[in-house]
Amino acid sequence: MIRTENLSKIYQTDEVETTALNEVNIEIKQGEFVSVMGPSGCGKSTLLNVLGMIDGPSSGSYFFNDEEIGHLPERKRSNIRKYNLGFVFQSFNLIDELSVYENVELPMLYTKVPSAERKKRVEELLEGMNIMHRRNHFPQQLSGGQQQRVAVARAIVNNPKLILADEPTGNLDSSNGDDVMKILAELNASGTTILMVTHSQYCAEFGNRIIRMLDGQVVTENVVKQYL
Amino acid sequence: MLQNFFKIAWRNLWKNRFFTFLNLFGLSLGIAVSLALILYVGRERSFDKYHQHASDIYRVGVNAEFDATQQKWASVPNIAGPTFKDKLSEVAEQVRFLRHNFGSTAFVRVNDQNYAEKDLYWVDSTLFDVFDVPLLQGNPKTALNQPNKIILCKSVSEKLFGKEDPMGKTIKVDNNLELEITGIFEDFPSNSTLDASMIGSFYSMRWATENLSWSNCSFETYLLMHTGVTQEALEQKVNQVLDEAVKKEDQWFSFWTQPLLDVHLYSARIANGGYSSRLGDITQINTLSLLALAVLLLACFNYINLTTARSQQRFREVGINKTLGASTGQMAGRFLVETGILVALAFLIGIMLVKLSSPYFESLTGQALPLFETWSFGQMGMLLGLWALITLGAGLYPALLLSTFTPKQLLQPSNTGIAGPRFFRQALVVLQFVVCIALISGAIVLNRQLKFISQKKLGFTPEQVVAITTEAAEDNSQVEALMNAYRNMPAVSSLCLAQGYPGLSVSGYSMTKPGNEEVAIGVNSNHASPGITEVLGLKLLAGQTLPEKSKEDTTVQVIINEKGVEFLGWTPEEAIGKTPPNLYQGNTTIVGVVENFHFESLHNPIGVYVFNNGNDLERSSYMLVKLSSGALQNTLQQLEETFNKYLPKSAFEFTFLDAHTRRLYQNEQQLSKLVWLFTLLTIIISCLGLFGLAAFTAERRTKEIGIRKVLGASSGSLVTLLATEFLKPVLIAVVLASPIAFFGMKHWLQNYAYRIEMSTSYLIIAGALGILIAFLTVSFQSLRAARANPIDSLRNE
């Protein structure tokens, strides 16, 4: 599903050049749950940004479903993104002005899903996440765990092929973190590919494989569970 | 999707109530001012359009040449109209207007009651063919077709006759003309240049009907043209007619033409702009439009500034939406919807403000604002168009700026978003304060000039002098009896008769230099009786006042002003007993010389002025009475009672000379009020913006302030730190605004022959005021931030 060839990302400021990704070569197959670990500043988030088509690489290639998309213009990347990817962030990134229901519904407005279908899908997901009773609340009225469940619901509402999660449990206590990881594991079990950046070895082990990074390079890859 | 846009926009506005309020307040003010002025300007531009043939009607005037100077008049000789109609196939009809006694009040007597009516015209019966003047009663074919017929407007008819039917009744004008009422017309609408309240048949003025000539240019004449004739062609044709009728060497004028639709707005600067009192001024309209645009732009700048400044808080929202698939266009649309909602709210408030301020506006312009008197598609379209324009003007730039945030910024928590176009914002603040400071300087200079005018020694004393109209006296003996009666009143200190008084135009003559008949000068000539110097408090430099004279005496004695003797090349003493060449065709002797006095407004330099007592010259229409006591109300009542006793068939009409002198500066006073109003509005709007920006900066720099405080900074030093950031653009604005204001006001002062000197001290005051206002505005927010507990701010961060 995902393949990179010598993928590099260099940030340039007035006087300093920082290499965030240094000729990274990785491959992620359909249905995998891959965790990315490494110290702060090692390039994990940059890798997630590039793979999530939010940022373009400085050099190298990025194949998504065998199509080279690393150097596509923003408009085309946005189009691929909205139909294929879902995002879960450490800080949830829910829109404060929208209710729980509206937050989950939002991605479907951009993919032009008909209204009745939207309603059905949002309700199903909120039921599944056990937050239906909070549907009319606003993000700031929810606990961290609830907010992250809403964020996960929003990430999967368009049935994306790939979910990108950037430290999804980073702002949660262990119990809520566990819940979120279980949801992700269930999603993976039902066929969704997941790429997750984390600092927690515990969370990383929910995946099939752990990629470890240092100074913008992949240093090791461990298989945790055999991918079936 | 749109519903979603509205929802988020509304919630966002509500969430940021403080900034929403600032934006709303500024935009509402801007919209209220522009709406008021659009309505006012729209009304001014709608003048005379209601006539069916409006676009085919032209007024003819003359370019008169006197003493090598050209003057434009809006009236022509009485023969012109009928001749044009006879000779030019392009002319479908013509109509002539003569204002009663060239603009004097008409004294109307009905059923033993006296009325003073200002707007009586003598008009051709073709009036109804050219203009739309619907008759409520009477037949347009016969209403004005013979001498001694008159039609009245509805309100005058009701005033004179109450509920009685006036048709067929007679009224007496100035105690000599008896006229039969043959029609009643609807009062002219407020957007009509025609302002007659009574229209008498032109034939009633026998002298004007019978003595047709190419000389006396007192007749305002309109031509109805067949459709398709251009103005240039018409102008050429009418001048050809003149060439055929008058030999080239005898011509002292040529004709010019003016479309009816230009008469209202383009006649104010014509020396003799016609009889109507309803003349607007295109320059004023343009100035007001410019000011309205400036206020509206400033309000839009505020919105742009506050919105882009807060862009850092919006990047997260944009990032999330874009990550979820929103396009830049969709995001821009969303922000525009937000602006649209705010502008719509501002419109509602603006309309309410216009309604509330309507009485004030009426006192400024003399007109009520035609806002929603009737609902029309035009007005709704105008409002919608303006809404769209302001939404785009204020919202487009922030929308484009905000929507270009990339989702990347969202996923980099360390990145607090781009700083926003700080330079652009500062430039807008500079621009706002340039306008502010320039207007403050303008207002100061205007104020000083008006003060200068009011304190300037006029050279005569207008206080406590009443001018009473004696036009309608049946004979001279009545006037003499009245004079004697007044003379015996203790409240009267002196009195005289005069043709006019300072501030009122009198007769125009000319005289030449002794020994050189080629060099001539215009002379303002006022027929007066001996008391004139005492009543007006004129200072005699040599000689004496006008002598009493018998009716048989054909000689003329004059008092001349200093300017006159200067032209003649004599000292005041030398002038006494001499004859000014070519004035009043000989037999004229100078008996006195007075110090110069301002007989016109201070716009004009003092010219030559002469008081004469020639029996064969003009009549005296006014009795000027100088009062000694302070109990004016009582004295006026006595004057009126005595007047009614001696002139029983005239109405008592009077003017105080000082009030009349003040009215000469009515435009300036109106302008001054408007400039103060606009200055205040721009200050409020600019300060709102600055206040918002300061609040935002204080919020943004909370952490910095906290750290500085922990490290030992005092509140004072922090206020200075924060306030200085905003004072820089204001200082730049002072530098930019000063030359604009200096040269702008210097140019404006050129309008006055007598004026204050433009001084840099006004600019310094304006600049200091601007800086002070800006400092006060930002220091409130800065002080609040500086006084906060540093632990709170650091924890918040």
Side-chain angles (χ1 to χ4, degrees), chain A residues 9 11 20 40-41 44-46 48-50 52-56 74-99 102-112 115 118 138-140 151 154-155 157-158 160 164 166-167 170-171 197, chain B residues 1-17 19-20 307 310 312-335 337-338 341-342 400 402-419 796-797:
Chain A
K9 179 72 189 177
Y11 290 111
S40 291
K44 303 184 299 285
S45 291
T46 307
L48 205 74
N49 287 353
V50 175
M53 297 169 220
I54 281 168
D55 205 355
E74 163 61 21
R75 197 169 47 81
K76 287 194 175 161
R77 278 192 281 168
S78 161
N79 225 21
I80 297 174
R81 199 164 60 220
K82 71 180 167 190
Y83 288 107
N84 295 286
L85 306 187
F87 290 85
V88 180
F89 307 101
Q90 178 181 1
S91 53
F92 325 131
N93 278 334
L94 296 174
I95 295 180
D96 294 339
E97 287 73 28
L98 295 182
S99 65
E102 289 159 351
N103 260 297
V104 178
E105 185 193 26
L106 190 61
M108 291 189 287
L109 291 173
Y110 296 126
T111 50
K112 301 202 162 47
S115 161
R118 291 205 301 267
F138 286 87
Q140 57 274 30
R154 187 179 66 181
V157 74
N158 266 334
L164 297 155
D166 192 358
E167 306 211 25
N171 280 357
V197 165
Chain B
M1 180 77 80
L2 202 63
Q3 193 192 358
N4 192 271
F5 281 4
F6 272 106
K7 210 155 41 190
I8 299 186
W10 176 252
R11 287 175 189 166
N12 234 317
L13 291 172
W14 183 247
K15 187 176 154 197
N16 299 297
R17 289 186 286 275
F19 287 100
T20 303
T307 314
R310 284 173 51 237
Q312 294 177 19
Q313 293 165 347
R314 307 297 292 265
F315 85 97
R316 183 171 164 271
E317 181 190 335
V318 177
I320 298 169
N321 272 285
K322 283 205 161 177
T323 307
L324 298 177
S327 66
T328 302
Q330 280 169 327
M331 288 320 291
R334 239 208 57 191
F335 288 115
V337 166
E338 199 171 307
I341 293 178
L342 197 75
L400 290 179
L402 291 176
S403 57
T404 49
F405 281 128
T406 62
K408 184 177 69 177
Q409 286 156 324
L410 170 73
L411 297 175
Q412 286 174 327
S414 59
N415 188 343
T416 50
I418 57 169
N796 281 341
E797 192 57 30

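The CG atom of L106(A) lies 5.5 Å from the CG atom of L324(B); values are rounded to the nearest 0.5 Å.
There is no contact between L85(A) and chain B, counting heavy-atom distances below 4.5 Å. Of the atoms belonging to F138(A), it is side-chain heavy atoms, and not backbone ones, that fall under 4.5 Å from chain B.
Proximity of T323(B) to F89(A): side-chain heavy atoms (C-beta onward) are separated by under 4.5 Å at one or more points. For the pair Y110(A)/N321(B), a side-chain contact is recorded, criterion being any heavy-atom separation below 4.5 Å from C-beta on.
Here salt bridge (Lys or Arg N to Asp or Glu O under 4.0 Å) pairs that include residues 76-90 of chain A, with residues two or more places apart or in two chains, are E74(A)-R81(A).
When all heavy atoms of S78(A) and G325(B) are compared, the pair lying nearest together is OG-O, 3.8 Å.
None of D96(A), L98(A), I95(A) except one satisfies the side chain to side chain contact (heavy atoms under 4.5 Å, CB included) rule with R11(B); the exception is L98(A).
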